[in-house]
Amino acid sequence: MNWQHVGVLVRYDLLYIVRSATRLLFLVFYGLFWFWLLWKLGEGMATWLAEPEGNLMASWILEKELARALFLERPATLSAYFLIAMAMVPAFVIWGASSQTATDIKSRHLRFLIPRCGRFEIYLGRFLGAVLLITLPEIVVGTIATLISVQIDNMDIATVLVYALHVNSIVIAYSLPYIAFMAIFSAWTASAGLAVLVAMSIYFVFAMVMGVLTIRWPESTWIGYLLPNALKTQLISPDGSLILLALAALVMYLFIYFWVGWYIFRVRDL
Amino acid sequence: MMPIIEIQELSKTYGAARALHRITVSLERGQPIGLVGPNGAGKTTLFSLLCGFIHPTSGTVRVLGHPPLHKALHGRIAILPQDAALIKTVPIVTQLTFLAQLQGFTRKKARQEAQRVLECVNLHQSGHKSPDLLSHGMLKRAAIAQAFIGNTELVLLDEPTAGLDPATAGQIRELIRTTAKDRTFIVSSHNLSEIEDICGSVLILNRGQLTEYKTISDLVARTTCLTFRLEKPPEKEVEVIFQKLPEVTKVEIGSVAKQQLLIHYHESADKAAHIRIMQVLHQAGIYFLEMSRGQSLENKVLEITQNK
């Protein structure tokens, strides 16, 4: 593999991103969503969760221990950001990472690239382009959330910064398997819109089916681990060993999805 | 010398449709090769297989001694794909610069190379524009320009002049002619006079099968034949009127264009033979609309593809 080719392809993709209406629309929507939420967090929306009444309410939704760990022992604003970000990762990534190879398979633009570089270089270049498209805004939003937390949470800066590093790393790590997940549909459907539709359908139908299955057959919970959102509980838990285990599993998801996507891209006619 | 392309028993099917069927051919470096055949003959499929855009159903392809997609081929072959689009919103010169960088140029040299190829296709003044602001002909020229980046050994051009005005088409033909010394071209076109003009040999595909691969001079008589387009189809026994001309060796009525009459004559015939042939036609009351020396490739290809 020629890394110089990959570097050129990533730069090419980034240039493409800033000139693509659909991808800019994603960034605008992403920006507006977080602008509104961070504004609310900045007004202290989450600080009341650190108070006894608020924490009691939080423990109705989350487990009592988890609510306590997130909002009493750690910066509440950053924890609120963490929970919302983790909940939104699948939706944003499915949208933002849908066009990796799809648009160019459809337009046959890849035919200009193939005589000049390898299929794997193209696939990897587009994957890395999608990783940058998703993670750079996450870093920006995560940094703003951290600054807000430093301002309004009643914690020392070092604690907030260490926790911010933890939160942002997990949000980014959780996004990566979904980007690889979208690489599959992007290569398969050859249409960014269709890739979103198929991935969303699979994600939501799977979630609904799992909901019904686990009620009737509790032993079927393992099926839920076909998608990385089954790991969300472990990733937000305060238990370090559980987090490490979940991160290791995320790496597995990443490799498996990436490989399946690559297999489809390698064998398909372009 | 190693063939530039070696194809063995190559087949490609799309579901039940057979695009190419058991093609075996070996193409040598040198003069441009024309790839011709009616619509659906498999020309674009063959180009796509050579470049690795699509995978064969069976058979093997070797380009410059390597299978398609082999890293040793990167930057050594170029193609003008028939239906590929440049990115609509990125300026042409930027896209060509990136493509040149993929061929190993540094960023600065790549930009110079992009400008050079844009000048070759007379598009340098519009290079800063994005494709959504260019006309169809300009887009075609931009796509042609990318096929001329760097020093590739093999260039595949799928319908290079389709949709271009006659002046620009002439420029592109001239560009092919002048650069053909350093690289081998394979040009697919429905414009057979263009193929005749720029190519030394021709590969004829018909319904997914290889029908002929010959030099054009072997395929069509260029010097010892006169082709007439008549006002009306001649009588079947038209050859009788030429019996008094011993230099006439063969008289053919066009198998596809029935108003066409091909008169072959002996190599040793003098230049006045043309006059005598026209006199015989005049005496027989056969009038023509057009006369040309030699046999046209177009008629020959039509004859081959429609008779098989």
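Keep in mind the model is a prediction, meaning the values are calculated, not measured.
Sparse packing is recorded around CE of Met252(A), with 12 or fewer heavy atoms of other residues, nucleotides or ligands lying under 6.0 Å away. Within 6.0 Å of the OH atom in Tyr14(B), the count of heavy atoms belonging to other residues, nucleotides or ligands exceeds 12. Within 6.0 Å of atom CZ in Arg107(B), 12 or fewer heavy atoms from other residues, nucleotides or ligands are found, so the atom counts as exposed in its surroundings. Atom CH2 of Trp188(A) has 12 or fewer neighbouring heavy atoms from other residues, nucleotides or ligands inside a 6.0 Å radius.
Atoms OG and NZ, from Ser107(A) and Lys88(B) in turn, are 8.5 Å apart once rounded to the nearest 0.5 Å. Atom CD in Gln82(B) sits 9.5 Å away from atom CZ in Arg111(A) (nearest 0.5 Å). One distance of note links CD1 of Ile114(A) with OG of Ser48(B); it measures 9.5 Å at 0.5 Å rounding. Residue Tyr16(A) holds its OH atom at 14.5 Å from OG1 of Thr94(B), rounded to the nearest 0.5 Å. Atom-to-atom distance recorded for Phe112(A):CZ and Ile79(B):CD1 is 9.5 Å, nearest 0.5 angstrom.
Only the backbone of Leu73(B) comes within contact range of chain A, judged by heavy atoms closer than 4.5 Å. Interface remark: Arg11(A) contributes backbone and side-chain atoms alike to the contact with chain B (heavy atom separation under 4.5 Å). At a 4.5 Å heavy-atom cutoff, the contact between Ile149(B) and chain A is made by side-chain atoms alone. Of the two parts of Thr152(B), neither the backbone nor the side chain holds a non-hydrogen atom closer than 4.5 Å to a non-hydrogen atom of chain A. Proximity to chain A (any heavy atom under 4.5 Å) is shown, for Phe47(B), by neither the backbone nor the side chain.
Using a 4.5 Å cut-off on side-chain heavy atoms (C-beta onward), Leu15(A) and Val90(B) make contact. Side-chain atoms of Pro91(B) and Arg19(A), non-hydrogen and from C-beta on, do get closer than 4.5 Å to each other.
Residue Cys117(A) comes nearest to His74(B) through the heavy atom pair C-NE2, 3.3 Å, listed as atom of the first residue, atom of the second, then distance. In terms of heavy atoms, Arg119(A) sits closest to Gly52(B) at NH2-O, 2.8 Å. Between His55(B) and Val267(A), the shortest heavy-atom contact is CD2-O, 3.1 Å.
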message: Set out, in order, the CA-CA distance, both residues' side-chain angles and the distance that settles side chain to side chain contact (heavy atoms under 4.5 Å, CB included) for Leu102(B) and Glu121(A), then state yes or no.
response: CA-CA 11 Å; Leu102(B) 287 175; Glu121(A) 290 161 7; over 6 Å; no
field: side chain to side chain contact (heavy atoms under 4.5 Å, CB included) between Leu99(B) and Leu113(A), intermediate numbers included
entry: CA-CA 7 Å; Leu99(B) 295 177; Leu113(A) 305 181; 3.5 Å; yes
- request: May I have the step-by-step check of side chain to side chain contact (heavy atoms under 4.5 Å, CB included) for Leu110(A) and Phe53(B), ending in yes or no?
  value: CA-CA 9 Å; Leu110(A) 296 181; Phe53(B) 302 154; over 6 Å; no
query: Gln103(B) and Arg116(A): side chain to side chain contact (heavy atoms under 4.5 Å, CB included), yes or no, with the steps?
result: CA-CA 6 Å; Gln103(B) 277 179 240; Arg116(A) 296 173 166 97; 2.6 Å; yes
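Ion pairing between Asp269(A) and Lys12(B) holds under the 4.0 Å rule for side-chain N and carboxylate O.
With chain A as the partner, the residue from Gln101(B), Gln146(B), Gln95(B) showing the most heavy-atom pairs under 4.5 Å is Gln146(B).
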